[in-house]
Amino acid sequence: QVQLVESGGGLVQAGGSLRLSCAASGRTLSNYAMGWFRQAPGKEREFVAAIRWSGGRTYYADSVKGRFTISRDNAKNTVYLQMNSLKPEDTAVYYCAVDIGYGLKYRALEYDYWGQGTQVTVSS
């Protein structure tokens with residue numbers, strides 16, 4: 001079992017920045033990937049970014065490429081999502097998730113463990 005706890009969400013004006021954190025416990029993550037997803041009201045959960053814990057290879061959705069950065073801190077067992085140049089359309093509940101398989105995936109159904117989510121609201 002893996003437990004995930006997100007933090008760092010909040011209200012920010014358009015053009016601003018936020019950094020989300022996802023603290024993991026329960027298993028060593030060295031062979032896994034971690035991803036960030038988001039879900040806006042009335043919409044499906046969508047992929048944002050993912051990172052392989054070992055090696056640090058990353059993968060981004062086109063909508064956030066160049067604005068968001070995913071990273072991890074091995075010592076703290078924590079993954080981060082640095083979000084810059086935020087837009088109102090980035091408003092959503094953001095979730096982190098763990099994939100115990102191989103590669104870097106963008107489909108939510110391929111992730112095995114999920115956090116409870118943190119709200120990000122970007123005002124215009």
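Sequential numbering from 1 along the given sequence is applied to the chain's residues.
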Here the disulfide bond (SG atoms under 2.5 Å apart) pairs for residues 63-122, sequence neighbours left out, are C22-C96
Cluster overlap L11 with L86, hydrophobic side-chain contacts below 4.5 Å
no
Connected to Y80, directly or through other members, by ILVMFWY side-chain contacts below 4.5 Å are none
Contacts satisfying salt bridge (Lys or Arg N to Asp or Glu O under 4.0 Å) that involve residues 35-49 (not counting sequence neighbours) are R38-E46, R38-D90
Note: R67 and S85 closest approach over all heavy atoms is NH1-O, 3.0 Å
Discussion item. So Q116 and L4, do their side chains get closer than 4.5 Å, heavy atoms only?
Written reply: no
Nearest heavy-atom contact between S124 and P88 is CB-CG, 3.8 Å
| task | Identify whether V79 and I100 are in the same connected component of the hydrophobic contact network (ILVMFWY, side-chain heavy atoms under 4.5 Å). | result | yes
Residues S17 and Q82: closest non-hydrogen pair is CB-NE2, 3.9 Å
Here the pair of heavy atoms bringing Y94 nearest to V48 is CE2-CG2, 4.3 Å
Worksheet item: Do I51 and T58 have side-chain heavy atoms sitting under 4.5 Å apart?
Response: yes
Under 3.5 Å donor-acceptor, N77 side chain and A24 backbone:
yes
Taking every heavy atom of S21 against every heavy atom of T78, the minimum-distance pair comes out as CB-CG2, 4.2 Å
For A92 and Q119, the nearest pair of non-hydrogen atoms, with its separation, is O-NE2, 3.4 Å
Practice task
For side chain to side chain contact (heavy atoms under 4.5 Å, CB included), just list the numbers for V12 and T121, CA-CA rounded to whole Å, side-chain angles, deciding distance to a tenth of an Å, and then say yes or no.
Solution key: CA-CA 6 Å; V12 64; T121 304; over 6 Å; no
Apart from F37 itself, its cluster of hydrophobic side chains linked below 4.5 Å comprises F47, Y59, V93, Y95, L104, Y106, Y111, W114
Side chain to side chain donor-acceptor pair (under 3.5 Å) filter on T69, not counting sequence neighbours, yields none
In short, salt bridge (Lys or Arg N to Asp or Glu O under 4.0 Å) pairs touching residues 68-78 with sequence neighbours left out are none
The reported gap from CZ in R19 to CG in N84 (rounded to nearest 0.5 angstrom) is 11.5 Å
Exercise. Should M83 and L20 count as side-chain neighbours, where that means a heavy-atom distance under 4.5 Å?
Worked result: yes
To the nearest 0.5 Å, atom CG of L18 lies from atom OG1 of T118 at 9.0 Å
